[in-house]
Amino acid sequence: MDIVFALIKIVIAVAVLLFMVTYLVYFERKISAWIQDRIGPNRVGWGGLLQSPADVLKLFFKEDIVPRAANKFVHSLAPVISLTIAFITYTVIPIGNDIQLFGYNIKLVVADVDAGILFILAFTSIGVYGITLSGWGSNNKYSLLGGLRSSAQMISYELSMGISVVGVLMLAGSLKISDIINYQSGWMWNAILQPIGFITFVVAAFAETNRLPFDLPEAEPELVGGYHTEYSSLKFAMFFLAEYANMIVASALISALYLGGWNLPFVHDLGLNPTLTILFQITTYFIKILCVLFFFIWVRWSIPRFRYDQLMSLGWKVMLPLSLINLIWVAFLIYVFKI
Amino acid sequence: MPIVTINDQKFEFDSGETIIQVAERNGIDIPHYCWHPRLSVSGNCRMCLVEVEKMPKLVIACSTLAMDGMVVHVNSLKAIAGREHVMEFLLINHPLDCPICDEAGECKLQDYAYAHGTGESRFIEQKNQKPKRVKLGPYVMFDAERCIACSLCIRFSAEIAKEDQFTFVQRGDRVTIETFPGKEFDNPYSLNVVDICPVGALTNRDFRFKARVWDMSDTKSICPGCSRGCNIDIWVRNNEILRLTPRFNEAVNDYWMCDHGRINCFKFVNADDRIDSPMIKKAGTHVSSVGWDEAISKTVSTIKRFKSDEIAVIGSPFAIVEDNYLLAKFARQVLHTKNIDFIKHINPADQDDILIREDKTPNSLGAKLAGISPRNGGLNFEQIMEGIKGKKIRCLILIEDDVAAISQDFLDSLSNLDSFIVFATNNNKSTELADIIFPSATYAEKNGTFVNFQGRIQRIRPAVMTIDLDRSLDAMSLSRLDKFGTEFDRWGKARKINARSTWRIILQIANSFSMKFNYETSEDIFLEISQTIKEFDGLDYELIGELGIQLKSYQLVEEPILV
Amino acid sequence: MSVVKKRRKDLTIFQKLYIPEIVKGMLLTFKHLFGPKFTRQYPEVRYEQPDSYRGRPVLVQENGKERCVACGLCSRVCPALAIEVQAVETEDEKERYPNLFEINMLRCIFCGFCEEVCPEEAIIMSKDYELTFTKYEDAIFGKDKLLVPVESLKGRIEFLRKYR
């Protein structure tokens, strides 16, 4: 029975994720248009709602071009790695507390891994292979530079990300994401308890997802298309989807680790029945994710890209010390307030 | 030696030379319209005004004799002002229709209006109306409005062509040119006046409005019209020859060429009757196009059927020295035949003591020197034709010539041949009878050399692309469009004939006989010629250069006329 | 080696953080989310070009004939080699006219040099900018597509006379 539930959950998760990715692209285009005093897509479907599906459809029918000098195997492997990793990390993120349905205790997570945080950190580190290999396998100088920048950037920011997460783990005393969320019930959000850690984590998340102002691996004005310069058709679509899937995972993580996940203060005071409470919580969680996503997009269309040396000095000289300071701060909190 | 000072430079001169001659000889440009180095001085355009110290007024350089101690200023303020006024007067009645005028781009009036004009006209009155589009003769069109009355054409006609056919009528601003009553401007050199006319008053009716001069490329070549071998420029646009103009060569043609050469010696290159691929006669009389390899292997198998004294070879005085040399070598080493000769095309009725020669081929001397003559009791041309009639010669190889057109007798006897192999540029009476036809490149499509009647060897260069030639890779001259065009442009899609230089075809046939002829270019053949034939000793293409070179050991021997 | 330039004024630590500036910028973009939009809905709402607009070049047709005398100056001046003109003789007062006038619209860069150089005011930049082709041959405009009656080009011709 567990397998059946697991399969159903996988199907739902993938469907929801793909749906969200598709419309995330649409929202990004709309928001960027509004910020620039434009209208944005409004031709395909009502208000342009079918624009993203149309784009995906178009990409399916495009010719797949592999450069003659490219390493064919690596060139094909790289987008698969990127997309798979983006989807796998999603498996360990819960969207709510356990729910009782038809006499079964259903966990609202695809795989309830005890070391969930480590799982995510490990897989996002593998994700960098997708980009690095695509850069190398394309046999193109722009792709290669994009890939190299990407690996250097990922390594630099993963460090501060990891150390920021340690602060969260110290407070929650668990690696399991649902435990961390439940620990933040009420107003005990980590964003409030450890603001420095929150900021370093958000910045590192931006860097890990290659979003502006850290999109140096793509850096259109300098590197043409960066690591995916030589990709077209479905392979390009895979990179594209992976980028937005990563964004969703990152916002889910930010809301889970720092914004209290599905916790909304005073929700228990309303006296709703357990199922409705959980639905309420799921909605809350999604709204939080959407807010973080909006923040992602908003930042992208407001702040210009860093120079490469600025990126590196920010990562090593600012973010790393700040996350260490956060660690000391959390230790101080635990020592003084015994929480 | 007396010394004249022009623009602060001192020059020696012979007494009797005018200022403009001394200046010209030393590379100082004095603007002029009516002066020409080969014509008498008329001094009517007044453009060559220069200031001479101690002379009260400006003088015209073309008719003022240089004198010892004379100090001439070409570009003094006074001289410049004088020329400006002359320009203004010339432009008073000259129509401003450069957009329509065919001379635009090579017009002296345009050039000098830029250099010496004031840039605007103060003349507000009605300009003179004169007849436009007057047909002076079969080739020359006259536009009286554009004429600046320099009289170059009249003097040319009288002094060089030696025929008075037209002159000025009226006076002042009504002056114009008319042919004498009952006469036409039809002497055989009439088109040279188009070249020397400084404006667009006289135009070539054959070339009128065909192309702008800046759209064409020009290639230095030799006219194939007669054994004079006039130096010419071939003007090409969109891979099509549009006109020929004479190129100055003091030793051969001076500044001139005849109308026959100018009008008739390029049209066959672009003609529709060009042979556009090798052809083989299959099943009776039907001739069909085949690939090069098939035609060559067919030729080899055909030739192998005959004994060597059944084969005759006819070279060509229209073909270049290299073609004829390789043909002779082919006959000697592959065919082992002694029956080799070429046809002479001599028309004693059509010659003069200006340029036109009785020998109507460009290279009969070169063909002879290259070894196209019967050896050791071989048959000459007439004996070959006898042999064909008597069925002793059964296979004939004919290069770039037309035997059948010479007489009905020849035409009839050619049907006695078992095999008739023709290399030709255009369809003619011989190709109609041929069993195998190879398309040869014309003189405008290949590198090579001609030897003219004086024994002067001169270069021809490719001006038109065949499918084997590439304009930029083969260092042909490029027009602006050629330089920047791509294969996708319409003008880059001009017709290219599937033809090869005759020597290249012979080379392939010879090597199919397992010979080891190894020539990449016609120059390779020429270098071998220069080592084996004493008349060409020590020559190469670079030495021949643009103006040709006299063969040193050559002595002119007049031969009896055969045909 | 890079040269380190000293700033005119040293920044305070607060300024070095850039955070106020970042917040300012983000607030600005946020404000624009709700601002008025300037998009023109193109195929329905069209752009009214001023007379100075340079669309595709056209040949002026006057009294049923082209003004062009095939002088070839446009072809000569064209930096992209888009224009090909070939002339023939006619019995009219102007002795020649183009029997072939082709503009390769794939090569044309709309610089307007042809219009500027034309001595007959015969080639004019029109306001037509909607040029799409599906075949290479379609992109080569012959006289059939280039000739436009002089009446419809009045605005541009007046502009040229006034400002050229």
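Only this structure's heavy atoms are used, side chains among them; waters, hydrogens and symmetry mates stay out. What you are looking at is a predicted structure, and each value in this text was computed from that prediction instead of being measured. Proteins come first, then strands; the chains are lettered A, B, ... in the order of their sequence lines, and each starts at number 1.
When all heavy atoms of B/P99 and C/C71 are compared, the pair lying nearest together is O-CB, 2.9 Å.
Enclosure of atom CZ in C/F113 is not indicated, since only 12 or fewer non-hydrogen atoms of other residues, nucleotides or ligands lie within 6.0 angstrom. Annotation for B/F89: atom CZ does not count as buried by contact number, only 12 or fewer foreign heavy atoms lying within 6.0 Å.
In terms of heavy-atom pairs under 4.5 Å with chain C, the best-connected choice from B/L96, B/I100, B/L481 is B/I100.
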Can you pull out the donor-acceptor contacts between chain B and chain C, under 3.5 Å, including backbone atoms?
unit_1, atom_1, unit_2, atom_2, d
B/I100, O, C/R96, NH1, 3.3
B/D102, OD1, C/R96, NH1, 3.2
B/R133, NH1, C/T90, O, 2.7
B/R133, NH2, C/D92, O, 2.8
B/R146, NH2, C/E95, OE1, 3.1
B/R208, NE, C/E89, OE1, 3.4
B/R208, NE, C/E89, OE2, 3.1
B/R208, NH2, C/E89, OE2, 3.0
B/R208, NH2, C/E95, OE2, 2.8
B/R212, NE, C/C71, O, 2.5
B/R212, NH2, C/C71, O, 3.2
B/R237, NH2, C/Q86, OE1, 3.4
B/N238, ND2, C/E84, OE2, 3.1
B/R480, NH1, C/R76, O, 3.1
B/R480, NH2, C/S75, O, 2.7
B/R480, NH2, C/R76, O, 3.4
B/F488, O, C/Y136, OH, 2.3
B/D489, OD1, C/R107, NE, 2.7
B/D489, OD1, C/R107, NH2, 3.4
B/D489, OD2, C/R107, NE, 3.4
B/D489, OD2, C/R107, NH2, 2.5
B/R490, NH1, C/E102, OE2, 2.6

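Every residue two or more places apart in sequence or in another chain was checked for a ring pair (Phe, Tyr, Trp, His ring centres under 6.0 Å) with B/Y139, and none qualifies.
Looking at C/C68, there are no atoms closer than 4.5 Å to chain B (heavy atoms on both sides), in backbone or side chain. Of the atoms belonging to C/L106, not a single heavy atom falls under 4.5 Å from chain B.
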